Undergrad: 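Pasting in a structure now, in structure tokens, and then I'll have a few things to ask.
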Amino acid sequence: QVQLVESGGGLVQAGESLRLSCAASGRTFSSYAMGWFRQAPGKEREFVAGISWSGAGTYYADSVKGRFKITRDSAKNTVSLQMNSLKPDDTAVYYCNADDRPYGSSSYVRGGRTSDYWGQGTQVTVSS
């Protein structure tokens with residue numbers, strides 16, 4: 001059974017940084033792309049960043065480009081999201097997602113597709 005566990009959320013002030021981590025278990029994730037999504041109160045879940053199975057390809061939502069960086073450590077089955085220069089608009093519950101197709105297409109990395117594999121989420125709150 002696939003399990004994804006996010007951690008690293010918290011309360012920070014605008015301009016500060018946070019690093020989120022997602023620990024995956026239940027299968028070997030080195031052949032699967034992974035992504036981060038977020039959901040703010042009253043809004044739909046939205047794509048934040050995606051990373052290819054090899055780690056060579058990454059893609060970001062325009063709203064976070066240049067501030068966030070997604071990385072993965074396939075040996076440890078983890079994917080991380082370094083978030084810098086945080087803004088109040090970044091306040092949301094952040095979720096990790098893992099592709100269900102090995103060596104998946106760029107559509108997943110670009111947030112055009114998700115799987116049913118979600119973590120429980122971690123809250124990020126940015127105060128002004």
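FYI, side chains are in, hydrogens and waters are out, and symmetry mates aren't considered; it's all heavy atoms of this structure. Predicted model only: the values in this text are computed from it and were never measured.
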Undergrad: When you measure from the centre of the six-membered ring of Tyr32, is the NZ or CZ of Arg101 closer than 6.0 Å and no more than 45° off the axis?
TA: no

Undergrad: Quick test of your reading of the model: are Lys65 and Asp62 salt-bridged, counting only N-O distances below 4.0 Å?
TA: yes

Undergrad: Looking at Tyr117, is its backbone amide N or carbonyl O close enough to the side chain of Asn97 to form a donor-acceptor pair, meaning the two atoms are under 3.5 Å apart?
TA: yes

Undergrad: Name the residue from Trp36, Phe37, Tyr94 that meets the ring-ring contact (aromatic ring centres under 6.0 Å, His included) definition with Trp118.
TA: Phe37

Undergrad: Return the OG to CZ distance between Ser17 and Arg67, rounded to the nearest 0.5 Å.
TA: 10.0 Å

Undergrad: Look only at the side chain of Ser115 and the backbone of Ala98, and say whether a donor-acceptor pair between them is shorter than 3.5 Å.
TA: yes

Undergrad: Hey, is the main chain of Val126 close enough, under 3.5 Å, to the side chain of Thr91 for a donor-acceptor pair?
TA: yes

Undergrad: Got a donor-acceptor contact below 3.5 angstrom from the Ser74 side chain to the Ser30 backbone?
TA: no

Undergrad: Less than 4.5 Å apart, side chain to side chain, heavy atoms only: is that true for Leu4 and Phe29?
TA: yes

Undergrad: Please check: side-chain N/O of Arg113 versus main-chain N/O of Val109, any donor-acceptor pairing under 3.5 Å?
TA: no

Undergrad: Could you tell me the separation between the CG atom of Asp99 and the OG atom of Ser107, rounded to the nearest 0.5 Å?
TA: 8.0 Å

Undergrad: Are Leu86 and Phe68 close enough that some pair of their side-chain heavy atoms sits under 4.5 Å apart?
TA: yes

Undergrad: Is it true that a side-chain atom of Gln3 and a backbone atom of Ala24 form a donor plus acceptor pair closer than 3.5 Å?
TA: no

Undergrad: Can you tell me how far the SG atom of Cys22 sits from the CG atom of Leu81, to the nearest 0.5 Å?
TA: 10.5 Å

Undergrad: Which pair of non-hydrogen atoms, one from Ala92 and one from Ala40, has the smallest distance, and what is that distance?
TA: CB-N, 3.8 Å

Undergrad: Side-chain contact test, heavy atoms from C-beta onward, threshold under 4.5 Å: evaluate it for Cys96 versus Val79 and give yes or no.
TA: yes

Undergrad: For the atom pair CG (Asn84) and CD (Glu16), what is the distance rounded to the nearest 0.5 Å?
TA: 11.5 Å

Undergrad: Is any side-chain heavy atom of Val124 closer than 4.5 Å to one of Leu18?
TA: yes

Undergrad: I want to check something: taking the side chain as every heavy atom from C-beta on, are Tyr95 and Val48 in contact at a cut-off of under 4.5 Å?
TA: no

Undergrad: Check whether Glu6 reaches the backbone of Thr122 with its side chain - one donor and one acceptor, N or O, closer than 3.5 Å.
TA: no

Undergrad: How long is the gap from CZ on Arg72 to CD1 on Ile51, to the nearest 0.5 Å?
TA: 6.0 Å

Undergrad: Once rounded to the nearest 0.5 Å, what's the spacing between atom CE of Met83 and atom CZ of Arg38?
TA: 9.0 Å

Undergrad: Taking Tyr60 for its side chain and Ile70 for its backbone only, find out whether a donor-acceptor pair lies under 3.5 Å.
TA: yes

Undergrad: Quick one: does Gln82's side chain have a donor or acceptor within less than 3.5 Å of a partner on Lys69's backbone?
TA: no

